[in-house]
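One structure below.
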Amino acid sequence: MASMTNQETKQEQQEEDYGVLLYYKYATIPDLEALFNFYDSNCKSLSLLGRVRLSHNGVNVTVGGKLSSLKEHIAAVKLNCLFEGTDFKLASCHEPSNERVAVECGFTSLSIRIVKELVTLSSCPLPSSPPDISNVGKHLSAAEFHSVLHNVGNSPDKLIPSSDKGTVLIDARNLYETRIGKFYTPNVETLDPEIRQYSDLPSWIDNNSEKLCGNNILMYCTGGIRCEMASAYIRSKGAGFENVFQLYGGIQRYLEQFPDGGFFRGKNFVFDHRVSVGSSDSRILGTCLLCSSPFDDYSSRTRCMYCRMLVLVCDNCREKDSSFVCELCQKNSQCIQPTAVTEFDNSVEISEVGELEAVSTSDRIVPSPLVSGPRTLRKLRILCLHGFRQNASGFKGRTASLAKKLKSIAELVFVDAPHELSFIYQIRKNCDSASEMENNRPPSESCSKKFSWLVAPDHNGENDSNWKIADSPFDPLQYQKQTEGFDKSIAYLKDLYSKIGPFDGILGFSQGAAMAALVCLHQQKLKGEMEFRFAILCSGFAVNMSNCQQGSINVPSLHIFGNDKGKDRQIENQASRHLASVFENGCSVVIEHDFGHIIPTRPPYIDQIKEFLKVSCKSKP
């Protein structure tokens with residue numbers, strides 16, 4: 001009887017232990033408001049803290065609390081037939097003890113939000129429609145996944161078809177996760193995309209299609225949800241990409257099945273107060289960013305001073321320095337102004353704190369509590385291209401008001417174009433008297449050099465510091481004739497980008513907008529050399545884009561130009577309208593004004609510009 005009492009006491013103690021619950025489910029949600037109310041009522045009544053994300057196509061949940069409460073929550077959720085077959089991952093652990101980690105991971109409050117997407121596959125619109133979530137890769141249990149890895153190169157496996165090319169393994173997680181743990185299999189090539197955030201994965205897949213096509217493709221992530229959308233994206237590419245297989249339940253289920261780690265080395269990074277979960281194998285995979293000593297503890301939440309990605313810095317090195325640059329920023333020769341750090345720095349990407357394995361918090365429909373604490377965001381860096389026969393200094397002066405009003409969210413960087421132009425002046429008609437001729441001469445003092453991004457076909461490239469009389473009267477449509485010089489300008493920009501980049505966006509005015517549009521047009525060819533996540537095109541027009549179809553450029557864009565009554569005597573309204581039409585309608589914004597050939601900075605125009613940039617801030621790495 002006493003033994004029974006002790007057993008009951010032990011069970012009661014276990015029931016009061018703390019735990020973390022993770023689960024997701026893709027399913028059509030008929031009544032989002034009702035489901036929101038259920039989670040709000042149930043989680044609050046059980047004192048659960050964490051994050052719940054709801055969308056029209058499913059749910060994604062990471063919550064913590066007493067194990068007994070979490071089990072009650074699971075039982076209540078299972079009563080809804082929508083959750084049939086859901087994999088509820090429940091793990092016992094200690095209660096949050098590190099306040100800073102708990103705040104960053106959202107485990108000091110309950111946050112329930114309705115979002116557009118459970119996971120943000122891409123921060124920019126994809127070239128085609130989003131992948132069909134029903135077309136995901138084949139799920140492999142932890143035991144099946146292990147068997148496949150074991151048999152590759154040794155013996156045929158019935159779980160996957162034979163392949164002439166072989167088998168590759170993709171880690172669908174972010175770089176800061178793969179630093180401390182990943183799968184290692186002798187006979188399988190493991191591909192680590194080394195991405196800052198999940199929304200960068202489609203671009204990596206597109207750029208590495210040759211490595212994937214024809215292979216059996218194995219994928220894994222923390223708990224499985226990121227592989228759902230990513231595998232569907234790969235399979236949507238068609239022939240040669242059919243054989244995709246994903247680890248069901250992710251690394252978490254694999255380590256439960258193989259406590260010694262199996263083929264997984266190191267620790268599994270998790271998006272809650274636990275920070276990471278390891279196996280019985282105590283070997284450390286991660287290394288300190290500075291001294292390269294074995295280290296894999298992210299508890300200090302140390303971040304790159306530029307992109308704010310988590311970095312591994314051991315205690316000794318952290319005592320000696322407080323400014324660190326991640327390997328990706330070092331690789332890209334990062335040289336932007338560092339971000340100020342607050343006592344509790346919440347300036348983190350959505351794929352860490354605001355998401356459960358990359359949950360998007362954008363497009364919120366229902367207001368919900370936010371994690372409290374100051375938030376510091378890195379300013380957007382925008383490369384600015386001046387117009388024809390201008391220069392960086394002059395453009396900077398003309399846009400001083402714009403820069404001042406955007407100073408809290410953006411840094412504008414001005415550069416000269418590579419084509420230097422001769423000084424020319426126009427003789428006014430009917431200048432008969434000597435005094436009129438004298439007043440019509442060019443200035444005697446030296447003038448700043450003028451440049452352009454595109455030139456006329458007869459441009460000889462020769463420059464003279466002396467003024468010359470124009471060969472012909474001013475032509476208001478001259479911008480249509482400046483069609484040459486793109487190759488020189490794009491080479492110049494790529495070199496400039498490598499030295500003072502990267503940039504978040506590109507802004508162009510007049511001919512500068514035409515050049516910026518051409519950069520966007522060639523975005524796929526420029527991958528890895530020069531990339532921009534958005535474009536701002538002011539008084540723009542299209543050059544050498546006659547073959548572009550409407551909506552063919554998939555880059556978020558803001559178009560600012562004068563309306564029909566705007567009196568822009570340089571660029572016709574229809575020319576700017578046409579350029580805007582070439583960009584994908586779903587991610588472009590048009591602002592028309594009536595102030596001529598300028599960038600307006602008075603309300604409501606400046607407010608619309610700020611709103612566009614704030615959206616860009618939310619989606620940046």
Side-chain angles (χ1 to χ4, degrees), residues 122-128 380 382-388 395 399 402 406 410 412 453-454 476-480 482-483 486 503-524 526 531-602 604-616 619:
S122 178
S123 58
C124 301
L126 297 170
S128 57
L380 293 168
I382 304 176
L383 180 64
C384 300
L385 311 185
H386 59 72
F388 179 75
F395 190 35
T399 55
L402 178 68
L406 298 180
L412 306 186
W453 301 100
L454 301 167
L477 299 180
Q478 64 172 329
Y479 64 86
Q480 298 178 354
Q482 295 151 359
T483 59
F486 172 77
F503 296 92
D504 298 288
I506 186 169
L507 179 152
F509 180 76
S510 196
Q511 191 192 76
M515 183 65 199
L518 287 171
V519 170
C520 294
L521 175 65
H522 293 83
Q523 59 179 323
Q524 291 300 322
L526 296 172
E531 299 179 46
F532 300 96
R533 293 185 297 103
F534 63 88
I536 302 176
L537 309 178
C538 310
S539 297
F541 55 91
V543 174
N544 300 334
M545 301 176 70
S546 58
N547 295 327
C548 287
Q549 297 180 353
Q550 185 171 341
S552 60
I553 300 180
N554 298 105
V555 175
S557 56
L558 174 62
H559 303 265
I560 307 172
F561 51 88
N563 56 30
D564 289 329
K565 300 178 181 179
K567 301 178 181 179
D568 187 332
R569 291 178 291 181
Q570 278 74 35
I571 309 299
E572 295 179 328
N573 171 268
Q574 288 303 314
S576 296
R577 281 179 174 271
H578 171 67
L579 179 62
S581 72
V582 178
F583 284 75
E584 204 276 323
N585 185 56
C587 62
S588 66
V589 177
V590 173
I591 299 177
E592 292 192 52
H593 59 86
D594 47 358
F595 296 104
H597 198 59
I598 66 168
I599 305 176
T601 58
R602 65 176 61 178
Y605 309 109
I606 189 62
D607 299 318
Q608 292 173 286
I609 296 172
K610 287 181 178 180
E611 183 59 31
F612 176 84
L613 292 177
K614 286 177 181 178
V615 172
S616 300
S619 63

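All figures in this text were calculated on a predicted structure; none of them were measured in a lab.
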Check the angle between the aromatic planes of Phe583 and His559 and answer parallel, tilted or perpendicular using the 30° and 60° thresholds.
perpendicular
Glu584 side chain to Cys587 main-chain N or O, any donor-acceptor pair under 3.5 Å?
yes
Quick one: does Thr399's side chain get under 4.5 Å of Cys384's, heavy atoms only?
no
Could you pull out the closest heavy-atom pair between Ser581 and Gln550, with the gap in Å?
O-CG, 3.2 Å
How far apart are the C-alpha atoms of Leu380 and Phe534, what are their side-chain angles, what is the distance that settles it, and do they pass the side-chain contact (heavy atoms from CB on, under 4.5 Å) test?
CA-CA 11 Å; Leu380 293 168; Phe534 63 88; 4.2 Å; yes
Does Met545 reach the side chain of Ile553, with side-chain heavy atoms less than 4.5 Å apart?
yes
Please report the shortest heavy-atom distance between Ile609 and Pro600, naming the atom on each side.
CD1-O, 4.0 Å
How many angstroms lie between atom CZ of Phe388 and atom CG of Leu454, to the nearest 0.5 angstrom?
9.5 Å
How many angstroms lie between atom CD of Glu611 and atom CG of Leu558, to the nearest 0.5 angstrom?
11.0 Å
I need the Gln523 CD to Arg533 CZ distance, nearest 0.5 Å.
13.0 Å
Side-chain contact, heavy-atom cut-off 4.5 Å: Ile606 with Leu402?
yes
Restricting to non-hydrogen atoms, name the atom on Glu592 and the atom on Gly562 that form the minimum distance, rounded to 0.1 Å.
OE1-O, 4.4 Å
So, for Ile571 and Gly540, which heavy atoms are closest and what is the spacing to 0.1 Å?
CG2-O, 3.6 Å
Do Ile382 and Phe503 have side chains that approach each other closer than 4.5 Å (heavy atoms only, starting at C-beta)?
no
Mind checking the CZ-OG spacing from Phe541 to Ser576? Nearest 0.5 Å is all I need.
9.0 Å
Does Phe595 reach the side chain of Arg602, with side-chain heavy atoms less than 4.5 Å apart?
yes
Any donor-acceptor N/O pair, Asn544 side chain to Thr483 backbone, under 3.5 Å
yes
Rounded to the nearest 0.5 angstrom, the CD1-CG distance for Ile506 and Leu385 is 4.0 Å
Specify the closest pair of heavy atoms between Leu537 and Ala513, including all atoms of both residues, with the distance to one decimal.
CD2-O, 3.6 Å
When every non-hydrogen atom of Ser539 is compared with those of Phe509, the smallest separation belongs to OG-CE1, 3.9 Å
side-chain contact (heavy atoms from CB on, under 4.5 Å), that's the test. Do Ile591 and Phe612 meet it? Break it down for me.
CA-CA 11 Å; Ile591 299 177; Phe612 176 84; over 6 Å; no
Answer whether the closest heavy-atom distance between the side chains of Leu579 and Phe561 falls below 4.5 Å.
no
Are the side chains of Gln608 and Ile560 in touch, meaning some heavy atoms are under 4.5 Å apart?
no
Spatial distance of atom CZ (Phe395) from atom CG (Leu412) [nearest 0.5 Å]:
8.5 Å
Heavy atoms, side chains only, cut-off 4.5 Å: are Leu526 and Glu531 in contact?
no
